[in-house]
Asker: 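Let me give you the structure first, and then I'll get to my questions.
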Amino acid sequence: MESSYIIESEIAVLFLSVILCVYLQIIYSGTSSEKRGLLRYCYVATLAGLLEVLFFVIVMSERSGVSMRTQCICAIMWQISQGVVYFMFMKYIGGFGGQTPAKRRMFYAQNVTLGIYFYLQMIGLLTGANYSVSLERAEIITGDLNAILDFGFPILWSMWTWLELYIYRRAFTKGQMWALVINIIVCICVQTAQTQLFPEIPVHFIIIAVNAYYFFFLLETPAYRDLERTLERLRKAKAIADEANAAAIAADAAKGEFLANMSHEIRTPLTTILGMDEVILRKYESGPIYEYARDIQSAGNTLLHIINDILDFSKIESGHLELTADNYDLGQVLRDVDNMVKLKAEQKGLKYITQIDDSLPDELFGDRIRVHQIMVNILNNAVKYTKKGSVKFVLTGVKGDDPSLIVLHITVTDTGIGIHAEDIPKLFKSFSRIDAKETHNIEGTGLGLAITGRLIELMGGSVEVTSTYGTGSTFHVVLPQKITGEKTLRDFERDSGHKKKEARKIWKAPTARVLIVDDNDMNRVVLRSLMKETEIKIDEAESGEECLEKVKQNSYDVILMDYMMPRMDGKQTLDNIKKMPDAPGASAKIIVCTANALVGVQAELLSYGFDDFLSKPVNGKELEDMLLEYIPPEKVQQGGKGAA
């Protein structure tokens with residue numbers, strides 16, 4: 001490489017260093033001394049470059065006529081400037097650690113090493129232990145101190161810089177830390193290999209000058225530093241969010257397990273209460289005992305409704321409330337709603353008025369249970385808050401451009417206590433009760449309307465409330481539904497409550513055999529009592545293990561199996577039955593009974609291979625209808641009619 005090229009390259013790099021010094025002087029003007037660490041580093045680096053250019057001009061120019069002693073002094077000055085560059089870089093990195101007593105002691109120790117460095121330089125100059133001139137050979141000779149001053153102190157300060165990087169690592173991002181460490185390693189390697197590998201190329205100063213820009217963009221540029229810090233904060237925030245998400249998932253699973261257990265534990269005794277009460281209602285059709293049993297049934301159903309509200313609210317909170325759409329008959333839903341609400345209205349002496357558009361389609365597609373729940377919740381709310389007068393239920397519909405869709409309009413008007421205008425937005429908030437002084441003695445959890453509002457939203461509908469305090473309220477609900485048939489509600493029979501309910505059909509199957517599997521004695525008693533009139537042969541098992549023994553010994557048409565049993569639960573028992581297909585009772589239809597009413601439980605249990613599902617508390621009519629479906633027709637004897 002030509003010497004002119006080397007000098008021109010050095011001058012170009014020196015020019016870049018000067019530009020950066022001027023720029024830093026402008027932007028750091030008026031700032032504290034700590035803020036000007038990079039500026040001081042650039043000054044020293046620029047001075048080192050200037051001396052290096054001067055040294056190469058003097059040494060490599062054959063026409064300079066400069067004495068050997070002058071060349072020696074230039075070499076020493078160049079060496080000092082390069083050494084101080086390492087010192088200033090160490091001080092610059094240390095400036096990121098803030099001001100502490102330990103930091104001040106470290107700065108003092110660093111300044112002591114700089115003093116020792118200059119002292120040794122002075123000794124080397126006076127004794128020739130660093131650089132000396134050989135007039136006989138006309139060359140500059142390196143002495144014993146040269147290696148220490150040229151390499152030892154720069155390496156010491158570089159190692160010290162590494163120590164500072166470790167101590168003050170929290171002031172840098174991981175990317176900055178790695179970049180600085182790599183940079184120091186490169187500088188040490190170049191410093192060590194300069195004379196051996198690049199004797200004619202001043203690579204060392206080029207790296208020092210380029211480092212000034214490198215540090216500026218890496219550590220000083222506000223936008224870059226802000227970006228690095230933002231990215232670091234985002235990484236930490238993501239880690240925290242991931243931990244919180246994992247904790248939330250675990251908490252949600254724990255809550256789900258708790259709710260499943262709570263549902264089971266509450267519904268299990270309630271199954272006994274309502275089941276035995278239904279046995280009483282079947283035996284007595286009138287008189288005081290019948291009235292007492294009806295009161296028990298009403299209270300039990302109210303408790304069951306509260307439990308369902310709590311479970312639904314939990315599903316809403318966790319985002320697990322889902323709709324299960326299927327074909328359904330709107331007329332049947334209206335009959336069920338009418339039967340439930342009519343009795344409560346009459347018990348309070350209220351007039352219950354229904355106005356149904358009989359031209360509405362009867363065959364729809366949607367979530368029948370949730371449509372029923374919306375209607376019942378709004379009507380029950382009207383009955384609860386109306387002391388005298390009436391509750392009116394109006395159902396109409398509007399078809400749009402799509403002939404397969406209809407928008408149901410449900411309007412419920414009452415003559416109750418009414419609502420203040422400012423309280424209307426609170427109606428659909430959880431655990432909210434309006435005008436607590438007036439309504440403190442009214443039963444309910446305050447969740448019914450909150451759940452109703454969420455269900456309407458999930459169905460793509462809307463709800464509006466108008467009210468005059470002291471006069472009454474009107475709830476207007478809009479629900480879009482799909483039409484699946486041409487049948488209308490013209491045949492819809494509004495049961496006013498004055499007609500006696502249709503008598504329950506009685507059937508018998510004395511040759512059929514059913515196995516009841518439940519670890520709770522009272523649950524087995526209830527199921528046996530509800531099936532008493534059918535004359536079915538009934539066996540009992542109080543565990544999964546006992547069930548397997550019964551299946552090995554006897555043939556059964558139906559097995560009613562509780563899901564939550566100790567040691568061997570319903571699924572494990574089912575799996576074991578499938579493993580012995582040749583057993584006499586292995587071909588039985590297995591119906592799972594559970595008090596777990598959480599969303600998705602029915603679908604999950606059926607996916608295990610159960611033939612059907614019964615929710616506790618078990619309704620006597622539902623039980624009989626399901627048995628009638630699975631017992632072979634040739635074993636069924638149709639009878640007369642019994643009490644409803």
Side-chain angles (χ1 to χ4, degrees), residues 305 308-309 311-338 340-341 354-382 392-413 419 424-430 432 446-467 473-489 492 597-603:
H305 183 72
N308 290 337
D309 276 353
L311 294 176
D312 279 343
F313 177 70
S314 172
K315 298 170 198 173
I316 291 173
E317 271 197 324
S318 61
H320 292 158
L321 186 64
E322 300 174 356
L323 300 177
T324 304
D326 201 354
N327 295 324
Y328 72 94
D329 294 333
L330 179 60
Q332 184 59 50
V333 171
L334 294 174
R335 290 187 185 93
D336 294 341
V337 170
D338 197 61
M340 290 184 68
V341 179
T354 58
Q355 185 176 322
I356 309 297
D357 182 357
D358 60 7
S359 66
L360 291 176
D362 181 43
E363 299 169 323
L364 301 178
F365 180 83
D367 193 327
R368 181 188 68 82
I369 294 175
R370 298 306 185 181
V371 172
H372 177 274
Q373 186 176 356
I374 289 170
M375 293 180 179
V376 169
N377 279 357
I378 293 179
L379 284 166
N380 279 344
N381 188 72
K392 185 177 182 180
F393 174 40
V394 179
L395 178 64
T396 59
V398 177
K399 290 185 179 180
D401 296 333
D402 189 347
S404 65
L405 291 177
I406 186 167
V407 178
L408 298 178
H409 288 259
I410 304 167
T411 305
V412 177
T413 304
I419 309 165
I424 290 178
K426 303 176 185 177
L427 281 174
F428 298 96
K429 292 184 178 180
S430 305
S432 177
L447 294 174
L449 287 182
I451 295 168
T452 300
R454 179 59 178 149
L455 290 175
I456 293 170
E457 182 182 338
L458 283 174
M459 289 182 163
S462 63
V463 58
E464 293 182 0
V465 181
T466 57
S467 182
S473 306
T474 298
F475 285 72
H476 181 73
V477 177
V478 175
L479 282 181
Q481 296 283 278
K482 290 183 180 180
I483 303 172
T484 58
E486 298 180 358
K487 183 181 177 181
T488 67
L489 295 179
F492 171 67
L598 293 180
V599 64
V601 170
Q602 179 175 350

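Just so you know, residue 1 is the first one in the sequence shown, and it goes up from there. Quick caveat, the model's predicted, so the values are computed rather than measured.
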Asker: Answer yes or no: is there a side-chain heavy-atom contact under 4.5 Å between T413 and V394?
Answerer: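 Heavy-atom side-chain distance check fails, nothing below 4.5 Å.
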Asker: If you look at every heavy atom in G366 and Y328, which pair is closest and at what distance?
Answerer: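 Heavy atoms of G366 and Y328 come nearest at N-CE2, 3.6 Å.
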Asker: If I compare all heavy atoms of P361 with all of I406, which pair ends up nearest, and what's the gap?
Answerer: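 That would be CD-CD1, 3.4 Å.
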Asker: Working to the nearest 0.5 angstrom, can you tell me the gap between L379 CG and K392 NZ?
Answerer: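 Reported value, rounded in 0.5 Å steps: 13.0 Å.
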Asker: For residues M375 and F393, report the shortest heavy-atom separation together with the two atoms involved.
Answerer: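 For M375 versus F393, the nearest heavy atoms are SD-CZ, 4.1 Å.
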Asker: Does a side-chain heavy-atom distance below 4.5 Å link T452 with Q373?
Answerer: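 No. Closest side-chain heavy atoms not under 4.5 Å.
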Asker: Do other residues, nucleotides or ligands put more than 12 heavy atoms under 6.0 Å from the CG atom of L405?
Answerer: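 Counting neighbours around CG of L405, more than 12 heavy atoms of other residues, nucleotides or ligands fall under 6.0 Å, so yes.
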Asker: Could you grab the distance from atom CD1 of I374 to atom CG of L455, nearest 0.5 Å is fine?
Answerer: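 Between I374 CD1 and L455 CG, I get 5.0 Å after rounding to 0.5 Å.
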Asker: With rounding to the nearest 0.5 angstrom, report the CG to CZ distance, L458 to R454.
Answerer: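 If I round to the nearest 0.5 Å, the distance is 4.0 Å.
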Asker: Taking all non-hydrogen atoms of both residues, which atom of M459 and which atom of D367 are closest, and how far apart?
Answerer: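 Minimum heavy-atom separation between M459 and D367: CE-O, 3.8 Å.
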Asker: Show your working on side chain to side chain contact (heavy atoms under 4.5 Å, CB included) between L334 and L489 and close with a plain yes or no.
Answerer: CA-CA 10 Å; L334 294 174; L489 295 179; 3.8 Å; yes
Asker: Between T488 and S359, is any pair of side-chain heavy atoms under 4.5 Å apart?
Answerer: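 They are not in side-chain contact.
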Asker: Which one of D357, L330, T354 satisfies the side chain to side chain contact (heavy atoms under 4.5 Å, CB included) criterion with L395?
Answerer: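 The single option meeting the side chain to side chain contact (heavy atoms under 4.5 Å, CB included) with L395 is L330.
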Asker: Hey, mind stepping through L364 and I483 against side chain to side chain contact (heavy atoms under 4.5 Å, CB included) and telling me if it holds?
Answerer: CA-CA 5 Å; L364 301 178; I483 303 172; 4.1 Å; yes
Asker: Output the distance between atom CG (D326) and atom CZ (F365), rounded to the nearest 0.5 Å.
Answerer: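 Going from the CG atom of D326 to the CZ atom of F365 covers 6.0 Å.
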Asker: Report yes if some heavy atom in the side chain of I378 is under 4.5 Å from a heavy atom in the side chain of I410; otherwise report no.
Answerer: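 Answer no - side chains too far apart.
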Asker: So, D362 side chain and K487 main chain: donor-acceptor pair closer than 3.5 Å or not?
Answerer: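 It does not hold such a pair.
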Asker: Take N380 and V341, measure what side chain to side chain contact (heavy atoms under 4.5 Å, CB included) needs, and give me the verdict at the end.
Answerer: CA-CA 7 Å; N380 279 344; V341 179; 4.0 Å; yes
Asker: Write down the atom of A382, the atom of V412, and the distance for their closest heavy-atom approach.
Answerer: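 Looking at all heavy atoms of both residues, the closest pair is CB-CG1, 3.8 Å.
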